[in-house]
Number of protein chains: 2
Amino acid sequence: MKDSGDNSIIDKLQNFYIQLISKFGHCTGISPSRFRLMQQLFHVDEINQTTLQKELQIDRAAITRHLKQLEGDGIVTRRINPDDNRFTLVRLTDHGRQEIVAYREEKILFMAQLLQGFSEEEQKLFANMIERMQENINHIKGEN
Amino acid sequence: MKDSGDNSIIDKLQNFYIQLISKFGHCTGISPSRFRLMQQLFHVDEINQTTLQKELQIDRAAITRHLKQLEGDGIVTRRINPDDNRFTLVRLTDHGRQEIVAYREEKILFMAQLLQGFSEEEQKLFANMIERMQENINHIKGEN
DNA sequence: TTTATACAATTGACCAATCAATCGTTGATA
DNA sequence: TATCAACGATTGATTGGTCAATTGTATAAA
């Protein structure tokens, strides 16, 4: 298991993640981005798009398009901030809230299967390792 | 840290992965898929596209298009298997091999930064956990 | 008060991934 | 030998993401 770059952690992670997302998408029938977006909205009352964008790390353009679509589907409402017309404020509709609740239940089931055989401690450890790596990444220079 | 589905491991993983890939892409200047493709080719002499596709879990169409582009860039050559005209065999050119070697070096540097502060044991543990989750995923039913 | 700067959101152009349908080849079967 | 099913590869249509440029609004400076 030398670090020659072959079958490295990054490779494993990539293979794993791709399968994970693909499976999750097929199970829930929703795209990962849209799910993340809705989930983020679920936790707040109302939020503007740029804040959403920063939290999700998705491009601004993608945010705009997703939200327009979600608005068309009756999942969210959008209105311009009366105190500052540059901001548009987004919130889930009641219908949207119901939807995301259902998805979240599916997610919990999915997670249970994913983490089968993992003790509480192991789960915490894993989460912690990811956080540490994330910290490391933040210190890597690069136009991000 | 209850398992209500909020800020779950899947969320953390997703946030982490997106940042990881974005940073890696910016550092190396190559797309993750293309890199994986080239890396896979690096390990074999010659290979057909379907085998590649299965190993990488990328869509067949994407494979075809990537390889056509790589062929245009002089990174790979493609020829039809004389024993069975349905297969096209792909291999890296010498130039392609040089390229991938350079990228792999960048990857090793990147990995070193990513894993800063991780002991050998921790790295193994992490890799092992991913493998276990991957196993779990394979048992989840779903059209994949 | 006018002008310049900063910022949120949007749009257009482009690239990459997926799905579904199709083409061409092969091998088995009637 | 003719037909059909299986399979690899390709293509078209659609979707989602990024970058760059633009629009509209607010605020600070001249």
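Hydrogens, waters and symmetry mates are skipped; everything else that's a heavy atom, side chains included, is used. Please read all numbers here as calculations on a predicted model, not as lab measurements.
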- Against the side chain of B:R86, the closest entry in C:dG12, D:dA6, C:dT10 is D:dA6
- Out of D:dG16, D:dA9, C:dA8, which nucleotide sits closest to the side chain of A:T50?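 So the side chain of A:T50 is nearest to C:dA8.
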Tell me what [X] touches on the nucleic acid: a base, only sugar-phosphate, or nothing, going by heavy atoms under 4.0 Å.
{"X": "A:N85", "answer": "sugar-phosphate"}
{"X": "A:T64", "answer": "base"}
{"X": "B:S33", "answer": "sugar-phosphate"}
{"X": "A:D84", "answer": "sugar-phosphate"}
{"X": "A:I63", "answer": "nothing"}

- Task: Before giving the answer on salt bridge (Lys or Arg N to Asp or Glu O under 4.0 Å), spell out for B:R79 and B:E71 the whole-Å C-alpha distance, their side-chain angles and the decisive distance to 0.1 Å.
- Result: CA-CA 11 Å; B:R79 68 188 182 101; B:E71 189 179 34; over 6 Å; no
- Query: Taking atom P of C:dC23 as reference, at what distance in whole Å does atom CZ of B:R60 sit?
  - Reply: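 Interatomic distance, CZ of B:R60 to P of C:dC23: 15 Å.
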- Specify the separation, in whole Å, of atom NZ of B:K54 and atom C1' of D:dC7.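 Going from B:K54 (NZ) to D:dC7 (C1'), I get 9 Å.
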- Message: Judged by each residue's nearest nucleotide on DNA chain D, which is more toward the 5′ side, A:A62 or B:T88?
- Response: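 Residue closer to the 5' terminus by nearest nucleotide: B:T88.
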- Message: Does this structure show an ion pair linking B:K107 with A:D11, if we count only N-O contacts that are shorter than 4.0 Å?
- Response: yes
